[in-house]
Amino acid sequence: MDPEGLSGLNAPLLAWFAGARRPLAFREDRSPYRVLVAEFMLQQTRSNVVESYYRRFVRRFPDVVALAEASPEEVLAHWQGLGYYARARRLHEAARRIVAQHAGMVPRDPQALRALPGVGPYVAAAVGAFAFERDEAALDANVRRVLARVANVLAIDERVAAALVPPGRAREWNEALMDLGATICTARRPRCPTCPLTDVCRANRAGTQELVPARVARAVRPVVLRCLVAVRDEELRWGLVRRPPRGLLAGLWEFPSADGADPAAALATHDVWAEGLTELPPFRHTFTHLVWDVRPFLARGGGPLRWVRPAELPTVPLTGPTVRVVRHVAGAAPGLSK
DNA sequence: AACCCGGGGGT
DNA sequence: ACCCCAGGGTT
């Protein structure tokens, strides 16, 4: 089945890939557990950002049992800075279910894979293709974009993509499309003159590379004033509070904070007393759907907080603004920068 | 179908 | 300053 007449892309694609394959850290070991970890991290996150996190994570949690037996806080600490923290919670829960229900083996069955928390259509197909060498199309943003442009359509049909996978070569086929999408057939300003698919690409022939696939406009993000007080006690330990287990930055630790410009509100919300407040330079922290205009203060104080010595900070999952303030106060001292 | 959920890097 | 990314869950 090749209704779009697209299969001509496979030969030049795989020939190009033989000389252009990116040596990414998570491509070195294709055991199912490693692939599962990598694919969770790679959700909406660029591959070069994932690499260092992936290495640290599999070094600390080398197999599914090690991950299943770890504490939620330690898993979250190894995710700190990657974003989308629900992924860490879901991966941890998936590992526990794999141990409890699948004898510690990542399930081969696609339906059993899809039943794991955090495993959607993409991750299930990626594990199938990369770990189990099934002929599946792992339709991430790169693969979708490249195929849509070669076909010159606004969105690629998933059945058409599945029919294009060359039998027995799903791993390199998916990797090749991802590498091409990441390095040449980029979302903006694609490098068509150096592309191995120019002869078969219908968007290139039609000049519609920048129009295909269709884009969705991003909604305007509301700006919220956010006040925080970086409190230290007499021993210069930091005073932290834990965010709720669900929602924005779920489960991470931060300084006593509150919406608005008044640091007293941040203190009162958490029953904290403080003296000698000094204002630190304000900064902006951007989320997917929201912007924090952060007003940080530094103070000496006390109260019902978790008091953490600077040396222990790397073991605590912190929010981005918290890391930023600590680094500013400590003056980029080594060992605090995680 | 429309939201919610991060942060970093390229342009 | 803006755009985009090896998406999935919830409502």
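Because the structure is predicted, anything quoted here is derived from the model rather than measured.
In terms of modelled atom types and a separation under 3.5 Å, the side chain of A:Arg226 and the main chain of A:Arg295 share no donor-acceptor contact. Side chain of A:Asn152 to backbone of A:Thr208: no donor-acceptor contact under 3.5 angstrom is found. A:Arg87 places a side-chain N or O within donor-acceptor distance of the main-chain N or O of A:Gln43, the cut-off being under 3.5 Å.
Between A:Arg145 and C:dC5 there is a side-chain polar atom (N or O) within less than 4.0 angstrom of OP1 or OP2. The side chain of A:His285 contributes no N or O atom lying less than 4.0 Å from OP1 or OP2 of B:dG6. Phosphate proximity of B:dC5 to A:His289: present, with a side-chain N or O under 4.0 Å from OP1 or OP2. Between A:Arg215 and C:dC4, a side-chain N or O to OP1/OP2 separation shorter than 4.0 Å is present.
Nearest-nucleotide mapping onto DNA chain B: of A:Tyr53 and A:Gly247, the residue sitting toward the 5' end is A:Gly247. Mapped onto DNA chain C by nearest heavy atom, A:Leu139 and A:Val216 fall at different nucleotides, with A:Val216 at the one closer to the 5' end. Of the two residues near DNA chain C, A:Arg246 and A:Phe130, the one whose nearest nucleotide lies more 5' is A:Phe130.
Contact between A:Val325 and A:Pro296 at its shortest, heavy atoms only, is CG2-CB, 3.9 Å.
Taking the ring centre of A:Trp253 as origin, the terminal cationic atom of A:Arg306 falls inside the region bounded by 6.0 Å and 45° from the ring axis.
Between A:Trp292 atom CH2 and B:dC5 atom P there is a gap of 11 Å when expressed in whole angstrom units. Across the protein-nucleic acid pair, A:Asp140 atom CG and C:dC5 atom P stand 9 Å apart, rounded to whole Å. Rounded to an integer number of Å, the gap from A:Gln43 CD to C:dG9 P is 8 Å. Atom P of nucleotide B:dG7 and atom OH of A:Tyr84 are separated by 10 Å, given to the nearest angstrom. What separates CG of A:Leu249 from P of B:dC5 is a distance of 9 Å, to the nearest Å. Computed from coordinates, the A:Arg226 CZ to B:dG6 C1' distance equals 15 Å when rounded to whole Å. In this entry the distance linking CZ of A:Arg90 with P of B:dG6 reads 10 Å, nearest Å. Summarising the geometry, the separation between CZ on A:Arg218 and C1' on C:dC2 is reported as 10 Å, rounded to the nearest angstrom.
Here, C:dA6 and B:dT11 have their P atoms 13 Å apart, quoted to the whole Å. The P atoms of B:dG6 and C:dT11 are separated by 16 Å, rounded to the nearest whole Å.
Closest to the side chain of A:Thr288, from the set B:dC5, C:dG7, B:dG8, is B:dC5. Considering only side-chain atoms of A:Phe287, the nucleotide from C:dG7, B:dG7, B:dC5 that sits closest is B:dG7. For A:Arg188, the listed nucleotide lying nearest its side chain is C:dC4; candidates were B:dG6, C:dC4, C:dA6.
Within 4.0 Å (heavy atoms only), A:Val123 reaches sugar-phosphate atoms of the nucleic acid but no base atom. Within the nucleic acid shown, A:Tyr85 comes within 4.0 Å of sugar-phosphate atoms alone, with no base atom in reach, counting heavy atoms only. The residue A:Ala141 sits close only to the backbone: its heavy atoms come under 4.0 Å of sugar-phosphate atoms, none of a base. Nucleic acid contact for A:Arg324: none, since no nucleic acid atom lies under 4.0 Å from a heavy atom of the residue. Nucleic acid contact class of A:Val119 (heavy atoms, under 4.0 Å, all strands): sugar-phosphate only. As judged by a 4.0 angstrom heavy-atom cut-off over every strand, A:Ala138 is placed among residues making no nucleic acid contact. Among the atoms of the strands shown, only primed sugar atoms or phosphate atoms (P, OP1, OP2) are found under 4.0 Å from some heavy atom of A:Arg191.
B:dG6: no Watson-Crick or G-U partner with both key distances under 3.5 Å is found in any strand.
Judged by distance alone, with hydrogens and angles left aside, A:Arg27 brings a side-chain donor or acceptor within reach of the base of C:dA6, the pair sitting under 3.5 Å. Side-chain N/O atoms of A:Arg46 and base N/O atoms of C:dC4 include a donor-acceptor pair closer than 3.5 Å. Between the base of B:dG6 and the side chain of A:Thr286 there is no donor-acceptor pair shorter than 3.5 Å.
Side chains of A:Ser47 and A:Arg22: a donor-acceptor N/O pair is present below 3.5 angstrom, by distance only.
Among residues at least two apart or in separate chains, side chain to side chain donor-acceptor pair (under 3.5 Å) pairs with a member in residues 97-110 of chain A are A:Glu93-A:Arg97.
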